[in-house]
Amino acid sequence: EIPRVTGVQTCALPISTPHFTTMGSAASVIAELVAKDLPADEFIGEVLKLEAFTVDGKCKIDEKHHDKLKALYAVSKSNPTNLSAKCFDLAEMAGLTPELQDRLMMCVNSGIENPDSGLGVYAMQPGDYDDLKPFFDRVLKDYHKIEGETFKHESDWTLPEDADTAYDLSTLGLPELSMRIRVGRNLKSFPLPGAMNAENRAEMENQLTVAFEKLAENEEFAGSYNSLTPGHKNFVDEAAYQKLVDDHFMFKDMSADGYLKSAGIASDWPTGRGCYVSNDKKFVVWVGEEDHLRIMCMFKGTKLADVFKKLEKALGVVSSIEGLEFAFSDNVGNVTSCPSNLGTGMRASVHIQLPNLTSDGSDAKAKEICKPLGLSVRGIGGEHTPIGKDGTCDISPSARFCITEGQIVTALYNGLKLLKEEEAKLQAMQDAEDLAKEDKNSSDSFVSEKFSDSEDDDSFMSKSSKTASKDDDREKEED
């Protein structure tokens, strides 16, 4: 049981966002302060003076957090949808031990420093989802649109018996596509990336290097590890690293990402970062990105079940290596740094050309169609990257949490089927428009030719008339 400071109770009274609420008289006082629309500095200062937030005249929340709390309240006013602020409960924080208060503030720091965030929350320790359960439950319910008071994630890799044929993209008239399925995993014995220091990162990488040497003995997944850590025995230079990035085997420089920097995830770059690549280039493991491990299988094909089953097998091999125990919660499943990936930690995607949905050069129309289908659209280089010049997009199911692994692959296939139908509708409309233009051009051409013939007839009749007139004049002269 996690020790908590007694004396402060919380309720779900939605006075404002964040939920700065307490039971009893403090709630009405806070409501009055909210109604006054005070500046963040003044509001937090007044709230923390209330009896519910003090013991023996001393504030229950360490003064070192006060400036961040003021900034958090300001975020709640400027961007009420930022979940780091929307789901925060100040009275709840006051009831935590100093250690849990520290952890909670680390979890919301990215949202504070990046007010435009939609989520703005990262777990810092494998136990955060359980130890800070009330806060994270609100975040998860809001982000994943969970209805009801309780929820529990269940894992299941089962596919339908006919998945080999039923999930064959060629039946949709699609060619071989680049297919990728990955899962995020974190080691139970280390802090999550946001709370790691350089020593933690190097120690974890060294432990994983030994594991990769064992993995290399497996014929199907044999390969080599590439480290970005200077002095590591598997160190690769800048040129080799860039080639890995260009070939989509390695992630980009994280230190350029402001959100990950604020979360501490990009700290100490490039120490402890690297990737394992199998000899056949179909199996890759990222080390030290947003999660300790991103384990993925990828290759060109049409059968989604093939890449899914290969990943399931690979994950079983990796998790069986001695010393690798993944962080897991009975309530929320596989633990990931970002609540958006929690549960399965899985992302299943394909690269597909959508020339009609991207005819304007952007993915705006594709996103409009995909969102109701439960699909996400990204550029071919990942999130926040442009689509391909030929209209190629990265398509994947949005759901990760409170959905099974098997259901994610089913959602991908069904989504692609509907997306293909939408693309076909637009193509049919375009073909109809083109045909109409051709008919109009043909009609215009016919009218033009007839008009030209008419002009020739008029010219002939005019000449004939003039000739006849001259003949009449000569006849009159002769008479």
Side-chain angles (χ1 to χ4, degrees), residues 126 155 157 178-193 196 200-237 240-241 243-251 254 270-301 305-328 333-337 341 344-349 405 409:
S155 180
W157 286 72
S178 175
M179 308 181 296
R180 174 183 298 207
I181 304 182
R182 60 84 168 157
V183 291
R185 293 291 187 267
N186 289 281
L187 300 182
K188 184 178 180 180
S189 55
F190 288 92
L192 297 182
M196 297 180 86
N200 294 149
R201 299 182 197 281
E203 182 183 350
M204 186 187 75
E205 185 184 34
N206 288 335
Q207 181 177 329
L208 289 170
T209 301
V210 175
F212 290 141
E213 289 172 352
K214 295 178 181 177
L215 181 61
E217 297 172 2
N218 184 300
E219 185 176 351
E220 184 175 357
F221 302 106
S224 58
Y225 180 64
N226 307 274
S227 173
L228 303 187
T229 305
H232 191 282
K233 66 179 182 178
N234 298 108
F235 176 73
V236 295
D237 60 20
Y241 163 62
K243 187 175 189 314
L244 288 168
V245 172
D246 294 341
D247 292 340
H248 304 291
F249 294 135
M250 184 59 178
F251 49 95
M254 298 166 63
T271 298
R273 275 73 173 203
C275 67
Y276 178 91
V277 183
S278 66
N279 295 331
D280 63 5
K281 314 298 183 187
K282 294 181 178 180
F283 172 67
V284 176
V285 182
W286 287 355
V287 174
E289 203 232 18
E290 190 175 290
D291 292 305
H292 293 158
L293 299 171
R294 288 283 173 92
I295 304 167
M296 63 193 80
C297 287
M298 54 187 185
F299 48 83
K300 268 198 165 187
D306 285 353
V307 67
F308 179 81
K309 291 177 180 178
K310 187 176 180 70
L311 176 63
E312 182 182 15
K313 183 176 181 181
L315 187 59
V317 171
V318 173
S319 60
S320 68
I321 296 175
E322 186 178 354
L324 299 188
E325 184 178 359
F326 296 141
F328 185 85
N334 294 290
V335 171
T336 57
S337 292
N341 289 318
T344 60
M346 175 179 284
R347 183 172 183 273
S349 67
E405 290 80 1
V409 175

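Given the structure is predicted, the values throughout are model-derived calculations rather than measurements.
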### Message
So S319 and L324, do their side chains get closer than 4.5 Å, heavy atoms only?
### Response
no
### Query
Under 3.5 Å, is there a donor-acceptor pair between the side chain of D291 and the main chain of L293?
no
### Message
Side chains of N334 and V183, heavy atoms from C-beta outward: is any pair under 4.5 Å?
### Response
no
### Any side-chain heavy-atom pair of K310 and F221 under 4.5 Å
yes
### Query
M204 versus M196: any side-chain heavy-atom pair under 4.5 Å?
yes
### Task
Decide whether S189 and E325 meet the rule of one side-chain donor and one side-chain acceptor closer than 3.5 Å.
no
### Query
Hey, does W286 have a side-chain heavy atom less than 4.5 Å from the side chain of R182?
no
### Query
Would you find a donor on one side and an acceptor on the other, under 3.5 Å apart, between the side chain of S337 and the backbone of E290?
yes
### Message
I need the E405 CD to L315 CG distance, nearest 0.5 Å.
### Response
9.0 Å
### Task
Using modelled atom types only, decide if a donor and an acceptor are shared between the side chain of N226 and the backbone of C275 within a distance under 3.5 Å.
yes
### Query
Roughly how far apart are F251 CZ and Y241 OH, rounded to 0.5 Å?
7.0 Å
### Task
Report the distance from atom CH2 of W157 to atom NZ of K313, rounding to the nearest 0.5 Å.
14.0 Å
### Message
Please report the interatomic distance CD(E289) to CE(M250), rounded to the nearest 0.5 Å.
### Response
8.5 Å
## Note on the structure
For L311 and M346 the tightest heavy-atom approach is CD2-CE, 4.4 Å
### Query
When the ring planes of Y276 and F212 are compared, do they come out parallel, tilted or perpendicular, using 30° and 60° as the limits?
parallel
### Query
So, T209 and H232: side-chain donor and acceptor under 3.5 Å apart, yes or no?
yes
### Message
In the structure I gave you, are the side-chain heavy atoms of V236 and L228 within less than 4.5 Å of one another anywhere?
### Response
yes
### Task
Just do the side-chain contact (heavy atoms from CB on, under 4.5 Å) check on L208 and L187 with the steps written out, would you?
CA-CA 10 Å; L208 289 170; L187 300 182; 4.2 Å; yes
### Derivation and outcome, side-chain contact (heavy atoms from CB on, under 4.5 Å), residues R201 and R273
CA-CA 8 Å; R201 299 182 197 281; R273 275 73 173 203; 3.5 Å; yes
### Query
Yes or no on side-chain contact (heavy atoms from CB on, under 4.5 Å) for V335 and L192, after CA distance, side-chain angles and deciding distance?
CA-CA 9 Å; V335 171; L192 297 182; 4.2 Å; yes
### Task
Might you point out which heavy atoms bring N186 and P193 nearest each other, and give the distance in Å?
OD1-CD, 3.7 Å
### Query
Do V409 and I181 come within less than 4.5 Å of each other through their side chains, counting heavy atoms only?
yes
### Task
Determine the minimum heavy-atom distance between F235 and T229, stating which atoms define it.
CD1-O, 3.3 Å
### Shortest non-hydrogen contact from V284 toward M298
CG2-CE, 3.4 Å
## Note on the structure
Interatomic distance, SG@C297 vs CE@M179, rounded to 0.5 Å, equals 10.5 Å
### Task
Take I295 and F283 through the test side-chain contact (heavy atoms from CB on, under 4.5 Å) and record every step on the way to the result.
CA-CA 8 Å; I295 304 167; F283 172 67; 3.7 Å; yes
## Note on the structure
Separation between NZ (K214) and CD (E322), nearest 0.5 Å, reads 5.0 Å
### Query
So do S278 and L215 actually touch side chain to side chain, heavy atoms under 4.5 Å?
no
#### Entry: Taking every non-hydrogen atom, the tightest pair across G223 and A216
O-CB, 3.7 Å
